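Please read these numbers as outputs of a predicted model, since none were measured by experiment. Chain letters run A, B, ... following the sequence lines, proteins first, then strands; residues in each count from 1.
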Amino acid sequence: MQEKYVPADVEAAAQAYWRETRAFEVRPDPSRPKYYCLSMFPYPSGKLHMGHVRNYTIGDVLARWHRMRGYNVLQPMGWDAFGLPAENAAIQNRVPPARWTYDNIAYMKKQLQSLGFAIDWSRELATCRPDYYKWNQWLFLRMLERGIAYKKTQIVNWDPVDQTVLANEQVIDGRGWRTGALVEKREIPGYYLAITKYAEELLAELEKLPGWPERVKLMQANWIGKSQGVRFAFPYTLSGKEEKLWVYTTRADTIMGITFVAVAAEHPLAAFAASRDARIAAFVEECKRGKVCEADLATMEKKGVPTGIFVRHPLTQEPIEVWVANYVLMGYGEGAVMAVPAHDERDFAFAQKHGLPIKQVIQVPGKTFSPEAWQDWYADKENGVCINSGKYDGLSHREAVEAIAADLAALGLGEKTTQYRLRDWGISRQRYWGCPIPIIHCPSCGDVPVPDEQLPVVLPEDCVPDGTGNPLLLREDFLRCDCPRCGASARRETDTMDTFVDSSWYYARYAVEAATREKNERMVDEGTAYWMPVDQYIGGIEHAILHLLYSRFWSKVMRDLGLVAYDEPFANLLTQGMVLNHIFSRRSSKGGIEYFAPDEVAIERDPDGRIVGARLLRDGAPVEYGGIGTMSKSKKNGVDPQALIEKYGADTARFFIIFASPPEQTLEWSDTGVEGAFRFLRRLWAFAHQLRTTQPSGESSGLRREIHRLLAQANHDLAKTQLNTVASACMKMLNALEKAPQDAHAREGFSILLRLLSPICPHITHVLWRALDYGEDILAAPWPEADAQALVQDEIELVLQINGKLRGSLRISAQATREEIEAAALACEPARKYLEGRAVKKIVIVPNRLINLVV
RNA sequence: GCCCGGAUGGUGAAAUCGGUAGACACUAGGGACUUAAAAUCCCUUGGCCCUCUGGCCGUGCGGGUUCGAGUCCCGCUCCGGGCACCA
């Protein structure tokens with residue numbers, strides 16, 4: 001073995017060995033437990049960034065650890081290859097998205113390989129390949145047959161200059177990113193997937209996922225947003241006709257406090273009012289400005305106009321005016337709400353602004369109501385009782401809801417219902433670089449599904465979008481086709497699918513057998529049945545809701561079609577914290593935003609070290625500081641790990657990112673400390689070199705006890721995926737080995753250290769394992785377990801507290817009884833000093849830890 | 001605005017069930033080795049006080065529970081993630 005640690009040589013040797021032995025290509029094997037370890041596949045944006053390195057290193061540590069513990073481990077990799085950035089790149093460089101994407105994949109694959117991940121590359125897939133997206137189309141057609149996929153109108157962001165639909169991300173301060181034009185809302189048709197049909201199951205089965213973080217389950221539950229309430233109608237007469245205005249509320253107990261009704265701008269009643277009143281029409285028009293996004297709607301100033309239309313209170317017959325308000329969402333409930341200003345904060349703000357009456361109908365004992373200012377107790381469901389509500393006075397929230405629902409039902413004007421916040425999933429995108437929706441538009445037959453035998457509908461790969469709309473609209477060779485039903489000439493649908501469709505089932509596809517992939521006559525197979533569900537899924541917390549919920553939904557649809565047997569795709573989930581970096585930007589002349597990498601700017605700080613501004617190094621002019629945020633290509637704040645790998649090697653990069661912080665925690669990027677990781681590996685190498693050439697002498701149980709103590713701790717930490725302290729344990733082991741005399745236990749200790757470290761730093765440990773003749777392949781070595789015998793101690797140290805304050809410590813036999821400990825504590829020097837003869841009232845003993853004397 | 005997290009030295013962090021706060025590292029300072037540099041090794045490194053033994057304070061802020069709180073409870077502040085067309 002070489003005297004000096006040269007990472008490039010070590011890593012080349014280890015990687016060559018894995019390649020030659022096909023170390024990570026796996027097949028189903030019923031004789032061993034399986035472990036499907038999956039990291040979220042990357043979008044091929046160009047280069048890896050530190051978030052990827054973190055994600056895949058965490059996954060690789062878990063994969064290698066399980067493999068050494070005897071599991072049959074599958075760890076695949078692929079590419080989430082459709083998406084907007086490829087079109088942006090095309091606009092900028094006039095390169096077809098396909099070429100840009102494939103080039104990026106090739107480069108990023110090399111980067112991943114240089115990091116030495118234990119990936120079965122024979123299963124690699126890219127979602128932009130027809131052999132993959134064929135099955136998106138096939139499953140979409142099955143959903144269409146079952147009424148799970150359907151067509152309706154959707155509201156999109158419209159750029160009136162480019163005549164194109166914009167993503168929320170492309171709308172900056174209400175304007176199109178390229179044109180600077182004011183964005184409008186526009187209604188267009190699109191396909192939806194009825195995820196709401198699965199709302200109840202998606203919610204209920206969260207409880208069957210003990211391996212998921214509580215916070216993710218909580219976020220999903222809130223997103224699904226199940227509520228029990230009452231759907232009821234306000235009758236009204238319009239142009240001589242009896243009509244009903246339906247609303248939904250969870251606070252039927254406040255029904256006697258209604259002082260107005262508010263409808264969304266898109267509500268039919270608003271449209272009717274607008275048709276006869278220019279002021280209302282202008283307001284409805286105003287509501288169309290701005291982008292389609294909940295955050296924008298929620299932070300908007302609450303505005304509204306009265307319609308002059310009155311409905312009747314269903315219980316009192318009192319006339320109630322209908323308002324059009326911008327805070328009512330058409331997509332939730334009925335697009336209309338009863339307004340009870342006294343007990344709903346938004347209604348309160350709206351009523352105050354427009355001088356509408358505020359009528360208190362709930363009282364919490366001991367509180368005083370004032371219409372002047374909102375107080376949180378006004379919305380209290382737990383402690384309130386009805387007042388000013390006639391026969392309902394004195395009833396609690398629950399009692400009043402029951403009574404009022406019953407009365408409304410008796411009148412035929414309402415019923416108790418369950419409502420979900422979750423909306424159906426709109427999958428149509430008016431974009432080129434995505435999976436074509438397999439529909440043909442026939443002038444006589446209408447929308448006709450593409451027959452299965454014509455799948456896949458292949459996307460032409462040579463288009464170059466220019467930002468002015470979907471280039472497929474110009475491709476006659478793609479557009480023209482024959483109607484499968486009547487044979488007449490027809491046109492293909494040009495909308496493509498949301499990229500979340502691609503990522504909703506890729507994990508099941510990785511698992512199929514090679515033969516199935518080659519023939520491509522089945523979406524999934526027995527390989528899927530063997531490997532699924534994923535035993536450990538690892539990915540960013542930013543996917544806590546959408547991607548994970550869509551994947552759960554898609555799995556359930558596949559199950560109901562008899563394709564798979566599992567209910568849930570991911571048994572255990574590790575949500576990796578984001579890797580953050582500073583964001584710098586500047587307005588472009590057109591009103592768009594241009595981002596700059598942190599190394600392109602000079603940062604200015606105030607005396608407290610806070611960043612107050614920055615200047616672009618190129619031109620010296622100021623740029624705006626946008627705080628810190630997740631590393632992304634679009635914000636140009638990603639850090640390419642390449643330089644790190646080239647300078648220190650993959651093992652150092654891997655060790656450093658694992659050591660830097662626990663996996664679930666957000667990490668503000670800084671490479672301070674990389675040197676320390678590298679120094680550790682160099683010391684490891686030097687120690688191995690020296691261990692090879694020295695004869696052991698003497699016997700010291702101290703070292704063995706220390707190594708096994710650290711091992712027990714590290715195994716405990718591994719089980720809860722707290723990997724940073726496993727890295728620390730490795731450092732502590734090396735410190736202990738270096739300090740101890742080279743006794744008979746040094747070789748055992750070092751073999752434990754190598755195995756414990758190998759999932760994190762697989763290259764150096766592979767090479768040292770062989771160099772020290774521990775065996776042929778460290779991957780085949782058994783995972784080390786702590787020897788309980790080695791941990792036994794005769795004497796322990798107890799902390800002495802007096803009134804909870806640390807006052808000293810005492811050494812005592814590990815077998816000492818409670819009485820012996822108490823006697824020893826009372827007799828020791830610090831106790832006598834601090835007690836000063838005062839009587840001890842109480843003695844608290846925490847076994848093996850401390851004794852606290854309370855006086 | 002709504003939902004979900006986070007905050008511990010100059011820095012990344014540790015503290016397993018409410019029980020010794022700051023393990024392990026980084027940075028900085030001092031020293032050894034060296035012609036020199038690199039590398040390596042040793043020492044110091046939360047703040048304040050003290051001649052020493054040692055003492056007091058300290059886990060974002062303000063309260064509370066407890067023999068004992070970084071950890072539990074209540075109320076805030078700031079930062080991050082998500083909000084359905086970024087992925």
Select base, sugar-phosphate, or nothing to describe what [X] touches, counting heavy atoms under 4.0 Å on all strands.
| X | value |
| --- | --- |
| A:Val156 | base |
| A:Trp425 | nothing |
| A:Arg421 | base |
| A:Cys730 | nothing |
| A:Arg346 | nothing |
| A:His543 | base |
| A:Thr299 | base |
| A:Lys841 | nothing |
| A:Arg215 | sugar-phosphate |
| A:Ser632 | nothing |
| A:Pro662 | sugar-phosphate |
| A:Leu218 | sugar-phosphate |
| A:Gln722 | sugar-phosphate |
| A:Leu422 | base |

OP1 or OP2 of [N] versus the side-chain N and O atoms of [X]: is any pair under 4.0 Å?
| X | N | answer |
| --- | --- | --- |
| A:Asn222 | B:rC4 | yes |
| A:Asn848 | B:rG19 | no |
| A:Arg679 | B:rC26 | yes |
| A:Gln713 | B:rU16 | no |

- Check whether the side chain of A:Gln430 and the base of B:rC85 form a donor-acceptor pair under 3.5 Å. yes

Can you tell me the distance, in whole Å, between the [atom1] atom of [X] and the [atom2] atom of [N]?
| X | N | atom1 | atom2 | result |
| --- | --- | --- | --- | --- |
| A:Gln170 | B:rA84 | CD | P | 14 Å |
| A:Leu549 | B:rG81 | CG | P | 21 Å |
| A:Asp424 | B:rC85 | CG | C1' | 16 Å |
| A:Leu297 | B:rC3 | CG | P | 17 Å |
| A:Gln220 | B:rA84 | CD | C1' | 13 Å |

If only atom types and distance count, is the side chain of [X] paired as donor or acceptor with the main-chain N or O of [Y] below 3.5 Å?
| X | Y | value |
| --- | --- | --- |
| A:Asn326 | A:Glu301 | yes |
| A:Thr57 | A:Arg54 | no |
| A:Trp433 | A:Ala81 | yes |
| A:Asn581 | A:Trp669 | no |
| A:Gln163 | A:Gly469 | no |

Given [options], the nucleotide with the shortest approach to the side chain of [X]:
| X | options | value |
| --- | --- | --- |
| A:Tyr43 | B:rA14, B:rA87, B:rC85 | B:rA87 |
| A:Leu806 | B:rG1, B:rA21, B:rA15 | B:rA21 |
| A:Glu169 | B:rA87, B:rC86, B:rG80 | B:rC86 |
| A:Arg849 | B:rG19, B:rC79, B:rC4 | B:rG19 |
| A:Ala295 | B:rA84, B:rA87, B:rC83 | B:rC83 |
| A:Met731 | B:rA84, B:rA25, B:rC85 | B:rA25 |
| A:Arg682 | B:rC4, B:rU16, B:rU40 | B:rU40 |
| A:Met578 | B:rG81, B:rC85, B:rA84 | B:rG81 |
| A:Asn157 | B:rA84, B:rA87, B:rC85 | B:rC85 |
| A:Leu850 | B:rC85, B:rG80, B:rG19 | B:rG19 |

Pairwise [atom1] distance for [N] and [M], with rounding to whole Å:
| N | M | atom1 | result |
| --- | --- | --- | --- |
| B:rC17 | B:rU71 | C1' | 11 Å |
| B:rC48 | B:rC43 | C1' | 23 Å |
| B:rU8 | B:rC79 | C1' | 16 Å |
| B:rC52 | B:rC76 | C1' | 45 Å |
| B:rC57 | B:rC4 | C1' | 35 Å |

- Walking RNA chain B from its 5' end, the first of A:Pro85 and A:Ser661 to be reached, judged by nearest nucleotide, is A:Ser661

- Task: Tell me which of A:Ala729 and A:Glu738 sits closer to the 5' end of RNA chain B, going by the nucleotide each one is nearest to.
- Result: A:Ala729

- Task: State whether the number of non-hydrogen atoms from other residues, nucleotides or ligands found under 6.0 Å of A:Lys217 atom NZ is greater than 12.
- Result: yes

- Message: Other residues, nucleotides and ligands only: do more than 12 of their heavy atoms fall within 6.0 Å of CZ on A:Arg849?
- Response: no

- Distance, nearest 0.5 Å, that separates NE2 of A:His52 from CE of A:Met108: 4.5 Å

- Task: Could you please name the partner base of B:rU40, counting Watson-Crick and G-U wobble pairs only when both distances are under 3.5 Å?
- Result: B:rA32

- Is A:Arg683 salt-bridged to A:Glu738, going by a charged N under 4.0 Å from an acidic O? yes

- Are the side chains of A:Leu723 and A:Ile760 in touch, meaning some heavy atoms are under 4.5 Å apart? no

- Message: Can you see whether A:Tyr595 has A:Lys636 sitting over its ring - NZ or CZ less than 6.0 Å from the centre and within 45° of the normal?
- Response: no

- Note on the structure: Contact string for nucleotides 57-77 of chain B, one letter per nucleotide 5' to 3', B = base within protein heavy-atom range under 4.0 Å, S = sugar-phosphate only, - = neither, reads S---------BS---------

